[in-house]
Amino acid sequence: MAVGILLVGGLGTRLSPLTNKTPKPMLPIANLPVTEHQLLVAKAAGITKVVLATAYLAETFVPYFGDGSKWGIELKYALETEPLGTGGAIRNAAELILAEISDHEPIVVFNGDVLSRHNLTAQIELHQSAAASVTLHLVTVEDARPYGCVPFDENGQVTDFLEKMDNPITNTINAGCYVFNPQVIKDIELGKVVSVEREIFPELLKAGNVIQSFVDNSYWLDMGTPKSLLKGSQDYVGNHEYIVGENSKISESAKISGASAIGNNVTIGANVEVISSIIRDGVTISDGSKLENVFVESNTTVSKATSAKGAYLADGEIIDLKL
Ligand code: GDD
Ligand code: MG
């Protein structure tokens, strides 16, 4: 059995203003927070103990996820008063589970902004059969520059870890899901700000540890920008024109399309058109508005005949998202 740590403490700067009140992992993909999609993935791979490594807007997770029992998961919360970086966050979160697990129980770490349908069970099995220190899920992308570029040899062993380089030497990248041997995490200094990508992985390789690659090119998306958040939500809504939550009222003359996600307690007026958008809970869209590729903040009233494209809407504000 394995246990999980979700890294959900980043500032989500590239998603501002969407992340002003909501941390990136709590943003909705097809009406469910990204973190919830990840808990479902973890559970499907048999993981029933998870720690959320929180920092930025930490207080927003507990009211939604509670003790995790609704998902059949024992959920704990680690808090960083100052963000500790990815390595520091993993070490800090592990403190809540290390005493409960055996020396051989793998710890699976998820970047909190990734939607992935890779075979996590197979990744954990490979980690064990390869007796690796860490096993990284890798995907192939067209442009590796915004990611961690990860070359590996003919045995699948990682040979280097090059975070965000200008001239990537390969297009296989770190997909942000790691299986760790617990000892590797114990060896990180508690309370220290440290990055796994820029420090821990390169140091492990230098010291001769085995980092195994697990290449799986199933559906994968880092939803860390407004454009990818909208795309991710559309992908998860799938072949429907739209999905809608509870207690929402949609006028018969309104037209909703393009895999839009409409939340709970939403009112959509006459002759409104909504295309490929995310409409959060408690929103009212007044008559005659036309919205395309927009993100409407919770409890916003969109006034009559508003027209917006590629934008973030909150009360009295329309901000261009530069999609
Ligand atoms: N708790 C905590 N504390 N979480 C953090 C911190 C921290 O100090 N810093 C970042 N995180 C979380 C973020 O919330 C996010 O879920 C995850 O760590 C990764 O951070 P991002 O800011 O999204 O990094 P990135 O997208 O630029 O790059 C990372 O992901 C790529 C794949 O999507 C790297 O891991 C790359 O190597 C990788 O290719
Ligand atoms: Mg990211």
Side-chain angles (χ1 to χ4, degrees), residues 4-16 18-19 22-27 29 33-35 37-39 50-61 76-96 108-116 118 134 136-151 158 160-165 168 170-178 180 185 188 190-202 211 213-217 219-229 231-232:
I5 294 176
L6 269 55
L7 296 174
V8 296
L11 296 176
T13 320
R14 285 165 296 173
L15 272 161
S16 172
L18 284 66
T19 43
T22 310
K24 172 164 72 169
M26 286 302 288
L27 288 172
I29 292 286
V34 181
T35 299
H37 289 286
Q38 292 193 311
L39 288 180
V50 173
V51 182
L52 296 190
T54 69
Y56 177 65
L57 296 174
E59 66 284 2
T60 56
F61 292 91
K76 294 185 179 180
Y77 300 86
L79 176 66
E80 297 148 50
T81 38
E82 290 294 321
L84 290 170
T86 46
I90 293 168
R91 180 64 187 89
N92 185 59
E95 207 52 17
L96 296 181
V108 182
V109 175
F110 301 78
N111 277 358
D113 59 348
V114 167
L115 298 166
S116 178
H118 78 284
V134 190
L136 309 180
H137 172 214
L138 306 183
V139 290
T140 312
V141 294
E142 296 251 311
D143 180 4
R145 285 174 299 174
Y147 303 108
C149 172
V150 187
V158 170
D160 213 343
F161 196 105
L162 304 151
E163 183 67 12
K164 300 190 177 69
M165 65 179 326
T170 166
N171 54 356
T172 47
I173 60 124
N174 166 29
C177 178
Y178 322 126
F180 274 94
I185 297 180
I188 301 173
L190 186 62
K192 190 179 163 193
V193 177
V194 57
S195 156
V196 276
E197 297 90 338
R198 293 181 194 276
E199 294 163 86
I200 310 277
F201 293 149
I211 300 187
S213 64
F214 176 76
V215 181
D216 181 334
N217 283 309
Y219 179 89
W220 181 87
L221 186 77
D222 174 330
M223 48 64 70
T225 63
K227 191 175 178 171
S228 59
L229 168 68
K231 180 178 185 312

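Along the sequence shown, residues carry numbers from 1. The figures here come from the full heavy-atom set of this structure, side chains too, leaving out hydrogens, waters and symmetry mates. These figures come from a predicted structure and were not determined experimentally. Every number for a ligand or one of its atoms is a count from 1 in the order of the listing.
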At a 4.0 Å threshold, what atoms of ligand 1 neighbour a non-hydrogen atom of [X]?
X   : answer
A53 : 1 (N)
P83 : 8 (O)
L84 : 8 (O)
G85 : 7 (C), 8 (O)

Kindly identify the option in [options] whose heavy atom sits closest to [atom].
atom                    : options               : value
atom 28 (O) of ligand 1 : K164, E197, M223      : K164
atom 24 (O) of ligand 1 : H137, R14, E163, R198 : R14
atom 18 (O) of ligand 1 : L7, L11, L15, V141    : L7

Tell me: protein heavy atom nearest [atom], and distance?
atom                    : answer
atom 3 (N) of ligand 1  : E80 OE1, 2.9 Å
atom 9 (N) of ligand 1  : G10 CA, 4.1 Å
atom 4 (N) of ligand 1  : G9 N, 3.1 Å
atom 26 (O) of ligand 1 : D222 OD2, 2.9 Å
atom 38 (C) of ligand 1 : N174 O, 3.2 Å

Would you say [X] and ligand 1 have an N/O pair spaced under 3.5 Å apart?
X    : result
N111 : yes
G176 : no
W220 : no
P146 : no
F161 : no

| said: Less than 4.5 Å apart, side chain to side chain, heavy atoms only: is that true for L15 and P226? | reply: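 L15 vs P226: side chains touch.
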
| query | Between atom OG1 of T225 and atom CZ of R14, what is the distance when rounded to the nearest 0.5 Å? | reply | 7.5 Å

| request: Would you give the length of the straight line joining atom OG1 of T19 to atom CG of L57, rounded to the nearest 0.5 angstrom? | output: 8.5 Å

| T86 and side-chain contact (heavy atoms from CB on, under 4.5 Å): which partner among I200, L7, V194? |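 Of I200, L7, V194, side-chain contact (heavy atoms from CB on, under 4.5 Å) with T86 is met by L7 alone.
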
| request: Output all residues satisfying ring-ring contact (aromatic ring centres under 6.0 Å, His included) with Y77, sequence neighbours left out; order by chain, then residue number. | output: none

| Passing candidate, side-chain hydrogen bond (donor to acceptor under 3.5 Å, both in side chains) with T140, options N171, T172, N217 |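 Considering N171, T172, N217, a side-chain hydrogen bond (donor to acceptor under 3.5 Å, both in side chains) with T140 is found only for N217.
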
| request: Go around the Mg ion (ligand 2) and count every protein N, O or S atom nearer than 2.8 Å. | output: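 My tally for this metal is 2.
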
| Which of parallel (below 30°), tilted (30 to 60°) and perpendicular (above 60°) describes W220 and Y147? |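 Because their plane-to-plane angle is over 60°, the rings of W220 and Y147 count as perpendicular.
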
| query | Which of parallel (below 30°), tilted (30 to 60°) and perpendicular (above 60°) describes F201 and Y178? | reply | perpendicular

Tell me the contacting part of [X] for ligand 1: side chain, backbone, both, or neither, using a 4.0 Å heavy-atom threshold, strictly below.
X    : answer
D113 : both
Y178 : side chain
A89  : side chain
V196 : neither

| query | Does H137 offer a backbone N or O that forms a donor-acceptor pair with the side chain of H118 under 3.5 Å? | reply |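 Between the backbone of H137 and the side chain of H118 there is no qualifying donor-acceptor contact (under 3.5 Å).
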
| query | Measuring to protein heavy atoms, does anything land under 4.0 Å from atom 20 (O) of ligand 1? | reply | no

